[in-house]
Amino acid sequence: MALPSSASAARPRLLTVPALLLLLSSAALLVFLILPSLSPSSSATSPHLCTCSPPSTHTTTTVTTTTTTASPAPVTTSPADVAWLKAQLASNSLAGGAAASHDAWHRLRKGINPRTREQQLFDINRHHGISHYPDEEASNHTALPCPGELLVEEHHSNYGEPWAGGRDIFEFLANASTLTPTDQVLEIGCGTLRVGLHFIRYLEAGRFHCLERDELSLMAALQYELPAQGLLYKRPMIVRGEDMDFSKFGDTVMYDLIYASAVFIHIPDKLVWTGLERLAGKLRPQRGRIFVSHNLKFCLRLGRDECTRRLAKLGLEYVGKHTHDSLLFNHYEIWFEFRRPEV
């Protein structure tokens, strides 16, 4: 094969138009990319324009939280509370008084099937009108099975006055003893907790103690009232016992309030004095109070001078007599106050 001659090698080559255009475009792109790095800072040439982002800054925000402790619920029904309720009755056109007759009272019901407690108990025992599980499943779905007699609240009628009177007693005793939620309270004969429920709700957990001898009352208190009122978490110490035996409450406990509502009038005087003797040393000096309702026959039967002497021997002194009215019905109650002078 013949090699190309030197003449043909020296001949100049011509660029075509498309190739020339491509070359110019590449050069222009290269200049565009290199030029910004060679130019001075834009902030110096154009002080009023900025194409960059401002320098990032780290800001620390301090949040101050204030923890507030909720105040305990008011102990006493105030005049403003009473006025508010009366306004509610008036705005709803409710007379608020007793009906002319029992039949007239029940005619006030609309859309409600009135049932007596006896009828309710029959329904519960026969499962009539109540959704329920079949026999083999009956005990598998209720954590705390409760007797029907308690569910229809028969025990609310076990007192000589309405169940609502328990709130009146609580209000009086809590105010008279300047009670606080951290105080320790003992009720002698708490029954079905007609009064005790209000103390348990007000006090901190574990601050309410009770000695009760009646089995049915204890069943009502523990199996119905505490669960139904949502107060199991308050862990009251309710002890079944007789003869003023307070040993299960411990040797070191000190009480700010001890009370007996309609209890001492039903037990022998000698047993009352036994109870006072055992409790006198557990009453907080000066501030602690003992309240006894109805009368002081256990004391006055000894004569005033002998009563005062025996109280002093126990380290107790009589403070005075009080009465308080009921909020919801025509009733007043008498209370007698004792304290332990400063040791």
Side-chain angles (χ1 to χ4, degrees), residues 72-79 81-82 85 153 155-204 207-214 216-218 220-222 224-226 228-229 231 234 236-239 255-267 272 275-276 279 283-284 287-298 318-339:
V75 170
T76 306
T77 301
S78 68
D81 297 332
V82 174
L85 180 57
E153 300 180 345
H155 56 281
H156 284 193
S157 301
N158 290 349
Y159 297 87
E161 60 188 49
W163 178 263
R167 176 69 193 186
D168 299 323
I169 295 173
F170 163 74
E171 290 192 8
F172 164 73
L173 292 175
N175 279 306
S177 61
T178 61
L179 195 71
T180 69
T182 59
D183 286 343
Q184 194 78 43
V185 175
L186 169 67
E187 181 175 4
I188 304 172
C190 60
T192 60
L193 296 179
R194 184 175 74 116
V195 180
L197 282 176
H198 303 285
F199 279 101
I200 294 169
R201 185 178 291 110
Y202 177 78
L203 296 170
E204 291 184 355
R207 297 288 183 172
F208 180 83
H209 290 178
C210 161
L211 183 69
E212 174 57 55
R213 60 178 293 184
D214 184 67
L216 180 58
S217 294
L218 287 170
L222 294 171
Y224 180 77
E225 292 298 339
L226 287 178
Q229 297 292 330
L231 293 174
K234 285 301 187 81
M237 189 173 184
I238 300 175
V239 174
Y255 293 107
D256 301 280
L257 171 63
I258 300 171
Y259 68 95
S261 177
V263 172
F264 287 0
I265 59 177
H266 297 299
I267 61 178
V272 174
L276 291 175
L279 290 174
L283 185 67
R284 200 176 302 281
R287 186 179 181 279
R289 291 292 188 272
I290 295 177
F291 283 91
V292 178
S293 73
H294 288 70
N295 61 56
L296 289 179
K297 289 183 179 180
F298 73 91
Y318 175 65
V319 177
K321 174 182 176 181
H322 309 270
T323 62
H324 73 86
D325 297 332
S326 172
L327 177 67
L328 298 180
F329 59 105
N330 183 13
H331 173 76
Y332 71 90
E333 197 150 331
I334 302 172
W335 289 87
F336 300 90
E337 178 183 359
F338 302 85
R339 70 172 182 174

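The residues of the chain are indexed from 1 along the displayed sequence. Because only heavy atoms are used, hydrogens play no part in the values below, and waters and symmetry mates are left out as well, while side chains stay in.
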Quick one: does [X]'s side chain have a donor or acceptor within less than 3.5 Å of a partner on [Y]'s backbone?
X    : Y    : value
Y202 : L197 : no
R207 : T182 : yes
N175 : E171 : yes
S293 : I334 : no
D256 : G288 : no
K234 : I200 : yes

Basic-acidic side-chain contact under 4.0 Å: E187, R194: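 The answer is no: the pair does not qualify as a salt bridge.
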Rounded to the nearest 0.5 Å, what separates atom [atom1] in [X] from atom [atom2] in [Y]?
X    : Y    : atom1 : atom2 : result
I258 : I290 : CD1   : CD1   : 4.5 Å
H331 : L327 : NE2   : CG    : 12.5 Å
C190 : E212 : SG    : CD    : 5.5 Å
H324 : Y332 : NE2   : OH    : 11.5 Å
I188 : L279 : CD1   : CG    : 5.0 Å
F338 : L283 : CZ    : CG    : 11.5 Å

Could you tell me which non-hydrogen atom of R287 sits nearest to which non-hydrogen atom of T178, and how far apart they are?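 Heavy atoms of R287 and T178 come nearest at NH2-O, 2.7 Å.
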So, for L173 and S177, which heavy atoms are closest and what is the spacing to 0.1 Å?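 For L173 and S177, the tightest heavy-atom pair comes out as O-OG, 2.7 Å.
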Can you confirm whether or not the ring centre of H155 sits under 6.0 Å from the ring centre of Y224?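 Judged by ring-centre distance (under 6.0 Å), H155 and Y224 do meet the cut-off.
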Within 45 degrees of the ring normal and closer than 6.0 Å to the centroid, is that where the cationic atom of R284 sits relative to Y255?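 Relative to the ring axis of Y255, which defines the angle, R284 lies outside at least one limit.
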Run the numbers on L231 and R201 for side-chain contact (heavy atoms from CB on, under 4.5 Å), then give the verdict. CA-CA 7 Å; L231 293 174; R201 185 178 291 110; 4.0 Å; yes
Pairwise side-chain contact, [X] with [Y], heavy-atom cut-off 4.5 Å (strictly under):
X    : Y    : answer
S261 : E333 : yes
L193 : F208 : yes
H198 : I169 : no
L179 : V75  : no
L257 : D183 : no
L226 : I238 : yes
I265 : F298 : no
D168 : F329 : yes

Take a 6.0 Å sphere around CZ of R213 and say whether it holds more than 12 heavy atoms from other residues, nucleotides or ligands.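 12 or below, so no.
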Sole residue of Y318, F172, Y259, F264 in ring pair (Phe, Tyr, Trp, His ring centres under 6.0 Å) with F291: F172
With side chain to side chain donor-acceptor pair (under 3.5 Å) as the criterion, how do E225 and H156 come out once you've worked through the C-alpha distance, each side chain's angles and the decisive distance to 0.1 Å? CA-CA 10 Å; E225 292 298 339; H156 284 193; 2.7 Å; yes
